[in-house]
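Quick caveat, the model's predicted, so the values are computed rather than measured. Protein chains get the first letters and strands the later ones, always in sequence-line order, with residue 1 at the start of each.
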Amino acid sequence: MSFQRPRGTRDFLPEEMRLRRELEQRVCAIFRSFGYLEVATPTFEHLELITAKSGEEIVERLYSFQDKSGRWLALRPEFTAPVMRMYVNSLQSAPKPLRLYYFGPCFRYERPQSGRYREFWQAGVELIGSATPEAQAEVLALADTVLRELEVSYELHVGSVGVLRKLLACHGVGEEEQVRIMGMIDRGEMLRAEDMLKELGAGEVTATLRSLTELRGGAEVLEEAAELLRGCGDALKELHRLGEVLEALEWYGVRELRVNLGIARGLDYYTGMVFEAYVPSLGAEKQVCGGGSYSLAEVFGGKPVPTSGFAFGFDRLLLACSQKPAQERRVMVIPLGVEMLKEAVGIAGMLRSRGVSCELEVMRRRLGKALAGADARGVSHVVLVGEELRQGKVVLRDMHTGEQREVKVESLPEVLSSA
RNA sequence: GCCACGGUAGUGUAGCCUGGUGAGCACAAGGGACUGUGGAUCCCUUAGCCCGAGUUCAAAUCUCGGCCGUGGCCCCA
């Protein structure tokens, strides 16, 4: 009888786990360096929390279930809703702005493929309580800093759903239709979006919309956009806001970005600036980060509060930065014969209490085999405990160079620490 | 939910088209030869046809279904 892993899940063996922890720590350290504080929420939430934010259609992409007393629950598909729920429950009267970050597994019932799993990890932040250009820019700059520090080659696209929505509103398109059209734009279905607009009697906006979503470039394309939006005051106002964010981004040193008004992010709770980061080398699942400014607290029964945030797809990030692990010091203590076992155990214990991690040879192998075994498991330093112990010494062997020297037991921790 | 390709010891593979000999090889793992330097060499051992049904005297091999994997669509991170 043997069992397979559930589809779309992974086991992480020691080597990969080390890489994951390393990356997690690097990313979270950068979050903290911007003043963000870590939070955690439950792995599952009430199903309604998720559907309140994303609509009933999302249910088929969720792991949802009834518990033993009939409550409908769902494994979280992302963190924004849970974190905002937590904010509404417990943090509404905390001093603003609130800077929160999270890291943890999320679950979606989707077809697995490269860079897409049913259990995957997200790392992200929410900045709650400020909608100033500098606050929005900070969030984006934070994402940019992470990508830059990881030395991956990426593209940052910045847009504004506010501009698009106000443009549509300007031509009499209602809220609900706006959402549907934005979804089509996000999926690149411009023709469908145009058909729908014509049906709604807003056919005259299609040319403007098309030109607008095809604009690409630096901050200078905002001028072209302004031309296109002439006569639509609300949209121009949104465009001006985007301009302010872009200006602030310059102060943060974020210059390698492209304005892309075609980013709609499909989701209806975004209000203003939106952004996405891509790592082209990842292929189909190249989006490593998505975020923007939104207003969600009121959906969960709180007072509206302007918020900006983003989430990294941690697994994709890991794929993107093919970092090779730093050489790790790994120590093994080998007794030369059973009669030295007791002493070897003692020395291993002494090393551990002095902060040097080490493992003990427990297979009673002959020296040759023991060395071969140590090598096979990636040990970098071996401590041989033999008759030199009568002079209070052990033999320290560097497994990479093959060099050996006798070292006093009491100076062993120090010598190994600097190795 | 849809499409393409795939699944043989722990890993990588041969065999499949053309059904029929104890399913072969390499590496890994465990033991030994061999008493502190043999990270070697030699020998031994462990361990496999994804699951189920069908066709057949006979299935790793052919057919169907399922499961899982890889990549793509969709969606997203």
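Applying the Watson-Crick and G-U wobble criteria (two distances, each under 3.5 Å), B/U61 pairs with nothing in any strand. For B/C27, the paired base is B/G10 (Watson-Crick or G-U wobble, both distances below 3.5 Å). Partner assigned to B/U37 is none, using Watson-Crick or G-U wobble distances below 3.5 angstrom. Of the nucleotides present, B/G69 is the one that pairs with B/C5 by Watson-Crick or G-U wobble criteria, both distances under 3.5 Å. The partner of B/U18 cannot be assigned: no Watson-Crick or G-U wobble pair with both contacts below 3.5 Å exists in any strand.
Of the P atoms belonging to B/C5 and B/C62, the separation is 15 Å, rounded to the nearest Å. Distance noted for atom P between B/A14 and B/G54: 31 Å (whole Å). Taking atom P on both B/A60 and B/C49, the two are 10 Å apart, rounded to the nearest angstrom. Here, B/C67 and B/G30 have their C1' atoms 33 Å apart, quoted to the whole Å. Taking atom P on both nucleotides, B/U11 is separated from B/G32 by 26 Å, rounded to a whole Å. Here the separation of B/G15 from B/G72, taken at their P atoms, is 28 Å to the nearest Å. When the P atom is used for both B/G66 and B/C27, the distance is 41 Å, rounded to whole Å. Separation of the C1' atoms belonging to B/U45 and B/U55 is 40 Å when rounded to the nearest angstrom.
A salt bridge does not link A/Arg99 to A/Glu126: none of the charged nitrogens lies less than 4.0 Å from a carboxylate oxygen. Ion pair A/Asp315/A/Arg10 flagged as a salt bridge, since at least one NZ, NE, NH1 or NH2 atom sits closer than 4.0 Å to an Asp/Glu carboxylate oxygen.
Here the P atom of nucleotide B/G1 and the CD atom of A/Glu60 are 10 Å apart, to the nearest Å. Between the CD1 atom of A/Ile58 and the C1' atom of B/G1 there is a distance of 16 Å, rounded to whole Å. Rounded to an integer number of Å, the gap from A/Arg116 CZ to B/G1 C1' is 11 Å. For the pair A/Gln287 CD and B/C74 C1', the computed distance is 15 Å after rounding to whole Å. With rounding to whole Å, A/Glu276 atom CD is found 10 Å from B/A77 atom C1'.
Both A/Val379 and A/Gln122 lie close to RNA chain B; mapped to their nearest nucleotides by heavy-atom distance, the more 5′-ward contact belongs to A/Val379. Nearest-nucleotide positions on RNA chain B place A/Thr401 closer to the 5' end than the other of A/Thr401 and A/Phe120.
For residues 375-390 of chain A, the pairs satisfying side chain to side chain donor-acceptor pair (under 3.5 Å) are A/Glu359-A/Arg377, with sequence neighbours left out.
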### Message
Is there a side chain to side chain contact (heavy atoms under 4.5 Å, CB included) between A/Val59 and A/Ile50? Walk through the geometry before answering.
### Response
CA-CA 8 Å; A/Val59 173; A/Ile50 315 297; over 6 Å; no
### Task
Starting from the C-alpha separation in whole Å, work towards a yes-or-no answer on ring-ring contact (aromatic ring centres under 6.0 Å, His included) for A/Phe120 and A/Phe314.
CA-CA 8 Å; A/Phe120 61 100; A/Phe314 181 78; over 10 Å; no
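Ring pair A/Tyr36/A/Tyr101: centre-to-centre distance not below 6.0 Å. A/Phe275 and A/His157 have their aromatic ring centers separated by at least 6.0 angstrom.
Using a 3.5 Å distance cut-off with no hydrogens or angles, the side chains of A/Glu276 and A/Tyr278 do pair a donor with an acceptor.
A/Trp121 carries A/Arg20 over the face of its six-membered ring, with the cationic atom under 6.0 Å from the centre and within 45° of the normal. Annotation: cation-pi pair A/Arg76/A/Phe107 absent, no NZ/CZ under 6.0 Å from the ring centroid and within 45° of its normal.
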### Message
Output one letter per nucleotide in nucleotides 27-38 of chain B: B when a protein non-hydrogen atom lies under 4.0 Å from the base, S when only the sugar-phosphate is that close, - when neither is.
### Response
--SSSBSSSBBS
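Within the 4.0 angstrom heavy-atom criterion, no nucleotide atom of any strand lies near A/Phe312. A/Gly115 comes within 4.0 angstrom of a base, heavy atoms only. Among the heavy atoms of the strands lying under 4.0 Å from A/Gly402 is at least one base atom, whether or not backbone atoms are also near. Within 4.0 Å of A/Tyr117, counting heavy atoms only, lies at least one base atom of the nucleic acid.
Proximity of A/Gln113 to the phosphate of B/G72: a side-chain N or O atom is located under 4.0 Å from OP1 or OP2.
The side chain of A/Asp375 lies closest to B/G39, out of B/A77, B/G39, B/G72. Residue A/Ser114 has its side chain nearest to B/G72 when only B/G39, B/G72, B/A77 are considered.
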All N/O pairs under 3.5 Å across the protein-nucleotides 67-69 of chain B interface:
{"unit_1": "B/C67", "atom_1": "O2'", "unit_2": "A/Gln4", "atom_2": "OE1", "d": "3.4"}
{"unit_1": "B/G69", "atom_1": "OP1", "unit_2": "A/Gly8", "atom_2": "N", "d": "3.0"}
{"unit_1": "B/G69", "atom_1": "OP2", "unit_2": "A/Arg7", "atom_2": "NE", "d": "2.8"}

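Not one N or O on the side chain of A/Arg71 forms a donor-acceptor pair closer than 3.5 Å with the backbone of A/His46.
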